Amino acid sequence: MNHSPPPVQLMWFRDDLRTADNPALTSALSAGPVIAVFILDEDSPGIRPLGGAAKWWLHQGLKSLQASLVELGIPLVLSKGSADEKIPALAKQTKAGAVHWNRRYGQPEREVDTQAKTALRDLGLEAHSYPGTLLHEPWELMTKNETGYKVFTPFYNALRDSTIRPPLPAPAAQDHVTESAIPSGLELEELELLPATMDWTAGLAERWEPGEVPARQRLEEVLESIAEDYPVHHDRPDLDGTSALSPALRWGHLGAHEMWDALGRLAAENPKAAEGATAMRRQLAWRDFCWHLYYHHPHLPERNLRAEFDHFDWAWPEDDPQTAGHVAAWQRGKTGFRLVDAGMQQLWQTGWMHNRVRMVAASLLVKNLQVHWKVGERWFWDTLVDADIACNTANWQWVAGSGADAAPYFRVFNPELQAKKFDPQGSYASRFAPVAAEPIVDLKQSRREALDAYEQMKLRGDAS
DNA sequence: AATAGATTGGT
DNA sequence: CCAATCTAT
């Protein structure tokens with residue numbers, strides 16, 4: 001018998017920094033010895049560069065992934081540049097039999113992946129892509145009119161009633177790949193993901209432990225002690241009431257299928273936690289909904305989904321000094337509304353903000369201050385560790401009222417009332433915004449002005 | 001994934 | 001006088 005050993009398989013990691021429940025990795029391992037690759041791509045056109053907080057998370061996440069992969073005998077090669085060139089080059093260099101990856105759904109990313117696939121095929125190499133990041137491919141759930149969903153509830157009902165594949169088990173270790181077969185890559189530090197000069201990341205490091213193992217630990221904690229109170233506590237920023245798994249889901253340390261499945265089992269096994277588990281599944285579905293919207297509306301980050309909002313007279317910080325002052329105060333958590341200021345401080349310090357507070361803080365910016373949602377979206381993009389392009393832009397458009405299934409414009413949060421309801425003792429406020437600032441707007445008046453501006457927008461729209 | 005202001009109906 | 005309910009935005 002003269003069996004030649006199977007060729008090396010490249011596993012291209014992107015937004016799926018985990019070993020368990022990873023279809024592309026599982027498939028690669030079944031085909032032959034695996035070399036893993038991560039490419040920091042800041043060169044391909046149209047891909048928005050990561051924000052500062054996200055880069056910090058990615059740095060830690062890659063370190064953690066590398067450790068998990070070592071356990072499996074899989075080397076991780078780091079690289080930087082245009083992925084559609086780097087991937088075929090690495091495949092050629094390693095004489096790989098195939099390259100495996102889990103799909104991405106943004107238009108620029110899909111173009112890169114298609115070009116990589118074409119380049120690989122031209123070299124006579126195989127490329128295999130898998131669904132791994134979302135519960136469903138964005139084109140799988142469609143309305144009866146064969147269009148993408150624009151409204152969350154029908155989308156959720158379809159998702160809930162659909163079959164969602166169970167998570168894949170963690171893979172077994174492989175024999176170590178021969179050292180000489182591993183292409184040389186960059187050191188993690190050479191990706192330059194950490195701040196170059198002033199290190200502002202201490203608060204992030206204190207709050208988070210990026211990686212697959214801590215993410216799974218948190219999921220266990222959520223199932224054991226968060227889910228039961230979730231229906232009441234999820235709106236309470238002063239309590240540990242949410243899953244806080246958004247960054248783990250964003251970077252794929254935790255697979256959405258694993259979480260969906262675990263919540264389903266919890267609901268079946270523990271009647272007291274069933275309601276909370278279902279509510280959490282709804283949140284997970286919201287993430288899929290955002291990507292579904294983005295896939296069917298690739299201009300979501302740039303354009304209002306409701307075109308009538310093109311006629312809204314948004315304020316921009318570069319256009320007038322008052323708006324510049326408003327935006328600066330909002331960013332620094334000096335608006336004078338303690339719930340908002342606490343949220344903005346929490347964001348700045350920890351790279352994350354409680355979702356209830358995100359809505360209130362966003363509402364203040366786009367409604368009371370009439371600042372364009374893109375200004376807030378960009379700030380969140382740079383400061384959130386969980387920022388992803390679909391959820392960030394869809395949710396900002398949701399608050400602004402310009403989204404497909406957005407909050408009606410007249411839904412203006414009153415930050416003082418919201419604080420009374422959801423931070424009743426003010427402990428969240430005093431934790432993150434211990435010093436009260438002077439309010440930068442009159443709530444009553446600015447609310448009226450916002451509603452007037454909306455009426456003006458409609459008049460302008462009718463006239464044109 | 002609202003709020004303000006008015007109205008109602010109980011004390 | 002108040003809390004609950006309705007209604008417009």
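Everything numeric in this text was worked out from a predicted model, so none of it was measured. Residue numbers begin at 1 in each chain, while the letters A, B, ... track the order of the sequences.
- In this structure, A/Trp101 has its ring center under 6.0 Å from that of A/Trp12.
- A/Asp442 has its CG atom 12 Å from the P atom of B/dA4, to the nearest Å.
- Residue A/Asn355 is in base contact, counting any heavy-atom pair closer than 4.0 Å across all strands shown.
- The side chain of A/Trp286 lies closest to B/dA1 when the candidates are C/dT9, B/dA4, B/dA1.
- In terms of phosphate contacts, A/Gln418 brings no side-chain nitrogen or oxygen within less than 4.0 Å of OP1 or OP2 of B/dA1.
- Of the candidates C/dT9, B/dA1, B/dA4, B/dA1 carries the atom nearest the A/Trp398 side chain, counting heavy atoms from C-beta on.
- A/Lys421 comes within 4.0 angstrom of sugar-phosphate atoms only, judged by non-hydrogen atoms across all strands, and of no base.
- Around the CZ atom of A/Arg431, the shell of radius 6.0 Å holds no more than 12 heavy atoms that belong to other residues, nucleotides or ligands.
- Rounding to whole angstrom units, CD of residue A/Gln283 and P of B/dA1 are separated by 9 Å.
- The separation between A/Lys444 atom NZ and B/dA4 atom C1' is 9 Å, rounded to whole Å.
- Distance A/Tyr454 OH to C/dA8 C1': 13 Å, rounded to the nearest Å.
- One finds a salt bridge joining A/Glu455 and A/Lys458 here, because a Lys/Arg side-chain nitrogen approaches an Asp/Glu carboxylate oxygen to under 4.0 Å.
- As rounded to whole Å, 15 Å separates atom C1' of B/dA4 from atom NZ of A/Lys367.
- Following rounding to the nearest Å, A/Leu417 (CG) and B/dG5 (P) show an atom-to-atom distance of 12 Å.
- The CG atom of A/Asn368 sits 14 Å away from the C1' atom of B/dA4 (whole-angstrom rounding).
- Distance A/Leu443 CG to B/dT3 P: 11 Å, rounded to the nearest Å.
- Residue A/Glu221 qualifies as enclosed at atom CD: its count of foreign heavy atoms under 6.0 Å is above 12.
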